[in-house]
Amino acid sequence: QKEVEQDPGPLSVPEGAIVSLNCTYSNSAFQYFMWYRQYSRKGPELLMYTYSSGNKEDGRFTAQVDKSSKYISLFIRDSQPSDSATYLCAMGSTYTGNQFYFGTGTSLTVIP
Amino acid sequence: DSGVTQTPKHLITATGQRVTLRCSPRSGDLSVYWYQQSLDQGLQFLIQYYNGEERAKGNILERFSAQQFPDLHSELNLSSLELGDSALYFCASSSGSGVGQPQHFGDGTRLSIL
């Protein structure tokens with residue numbers, strides 16, 4: 001079983017829609033959670049970084065962590081065509097070594 | 001712009017050859033991480049250096065090695081290259097040594113083995 005599971009999509013939504021991207025994980029020790037956006041032929045760009053459970057909001061983006069369910073989400077409000085990219089989740093723990101474990105990414109297309 | 005610089009952007013070489021990928025971390029960051037990204041595997045952690053010392057090892061092949069220099073730039077050396085080594089290689093940097101700080105990625109080196 002992979003440490004982190006992420007539906008690869010592809011996900012296609014109309015402009016202005018609310019997008020929900022999700023990851024599940026198996027290791028209950030994970031404490032730190034990140035979301036990255038990756039455009040084609042570019043490196044992953046950090047969107048959100050959270051610690052433990054709860055919500056964090058930054059502009060149109062909201063990251064949500066539910067440690068009891070081992071489930072994290074990224075919500076994108078008022079989605080724009082420029083949000084079309086692959087979204088990667090990542091997570092790690094001080095108890096599992098100095099590395100983050102990445103999901104394989106969800107491909108999102110926002111249609112104008 | 002993340003502030004992490006990777007060179008070269010593209011590399012094309014043949015099986016059996018050796019290549020060196022270079023990474024300059026963000027100003028002030030002491031940790032450098034190397035990742036391999038292929039279509040079917042996603043981002044695979046290879047190795048981490050912190051302030052010149054190896055700190056963590058992931059799924060790095062014995063044919064691969066890395067080092068971090070006193071000026072904190074890092075190099076990833078890939079030798080006896082095989083077709084399966086074709087991938088995107090990313091470098092990321094962070095200010096600390098562990099997972100308590102986020103990682104910032106460069107734009108990668110695309111390695112193609114012919």
Side-chain angles (χ1 to χ4, degrees), chain A residues 1-10 21 23-25 27-52 56 58 61 63 65 72 74 85-107, chain B residues 1-7 9-10 21 23-26 29-51 53-60 87-110 112:
Chain A
Q1 183 185 8
K2 286 185 179 178
E3 297 273 2
V4 181
E5 299 279 357
Q6 186 174 10
D7 186 337
L21 303 165
C23 288
T24 59
Y25 60 95
N27 193 333
S28 59
F30 286 148
Q31 307 158 289
Y32 299 93
F33 304 91
M34 298 187 292
W35 284 97
Y36 287 89
R37 176 175 63 195
Q38 186 175 19
Y39 293 115
S40 179
R41 298 184 176 275
K42 301 287 280 183
E45 172 193 1
L46 181 67
L47 288 177
M48 302 289 275
Y49 176 74
T50 57
Y51 172 73
S52 195
K56 181 177 181 179
D58 184 0
F61 298 92
V65 174
I72 68 171
L74 178 71
T86 296
Y87 290 80
L88 304 166
C89 63
M91 48 199 79
S93 165
T94 52
Y95 302 108
T96 57
N98 291 335
Q99 63 171 297
F100 280 102
Y101 295 86
F102 283 79
T104 50
T106 299
S107 175
Chain B
D1 183 4
S2 68
V4 179
T5 304
Q6 289 188 249
T7 56
K9 291 190 186 310
H10 299 102
L21 314 183
C23 169
S24 294
R26 291 190 324 160
D29 283 357
L30 298 178
S31 269
V32 169
Y33 300 79
W34 286 98
Y35 291 87
Q36 181 190 60
Q37 187 179 46
S38 55
L39 279 174
D40 56 344
Q41 292 288 320
L43 269 170
Q44 298 293 312
F45 169 67
L46 296 177
I47 197 164
Q48 177 207 3
Y49 277 81
Y50 175 75
N51 203 21
E53 294 188 0
E54 181 184 306
R55 189 56 69 101
K57 234 174 183 177
N59 300 321
I60 189 166
L88 269 168
Y89 291 83
F90 286 105
C91 164
S93 73
S94 70
S95 56
S97 63
V99 293
Q101 295 81 32
Q103 296 178 13
H104 300 269
F105 283 79
D107 281 338
T109 294
R110 183 175 298 274
S112 299

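Below, chain A is the first sequence line, B the second, and so on; all start at residue 1.
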Q: Go through the atoms of A/T86 and report whether side chain, backbone, both or neither lie under 4.5 Å from a heavy atom of chain B.
A: neither
Q | Heavy-atom pairs under 4.5 Å with chain B, option from A/G105, A/S93, A/G92, A/G103 with the top count | A | A/S93
**Q.** Region of B/Y50 in contact with chain A, defined by heavy-atom distances below 4.5 Å
**A.** neither
Q) Based on non-hydrogen pairs under 4.5 Å, which of A/M91, A/E45, A/K2, A/R41 is most in contact with chain B? A) A/R41
**Q.** Closest non-hydrogen atom pair, B/D107 against A/G43
**A.** OD1-N, 2.9 Å
**Q.** Donor-acceptor contact below 3.5 Å, side chain A/Y49 vs main chain B/G100
**A.** yes
Q: Apply side chain to side chain contact (heavy atoms under 4.5 Å, CB included) to A/Y36 and B/Q103, showing your working.
A: CA-CA 10 Å; A/Y36 287 89; B/Q103 296 178 13; 3.6 Å; yes
Q: Tell me, for A/Q38 versus chain B, whether the close heavy atoms (under 4.5 Å) come from the side chain, the backbone, both or neither.
A: side chain
Q: Against chain A, label B/Q6 side chain, backbone, both or neither, depending on which of its atoms sit under 4.5 Å from a heavy atom there.
A: neither
Q.
With a sphere of 6.0 Å drawn around OH of A/Y95, does it hold more than 12 non-hydrogen atoms of other residues, nucleotides or ligands?
A. no
**Q.** For B/V99, all residues meeting side chain to side chain contact (heavy atoms under 4.5 Å, CB included), sequence neighbours excluded
**A.** A/Y32, A/T94, A/F100
(Q) Show the nearest heavy-atom pair for residues B/L43 and A/P44, with the distance to one decimal. (A) CD1-CG, 4.1 Å
Q) Atom NZ in B/K57, atom CD in A/Q99: separation rounded to 0.5 Å? A) 13.0 Å
Q. What residue in B/R110, B/H104, B/R55 has the most heavy-atom pairs under 4.5 Å with chain A?
A. B/R110
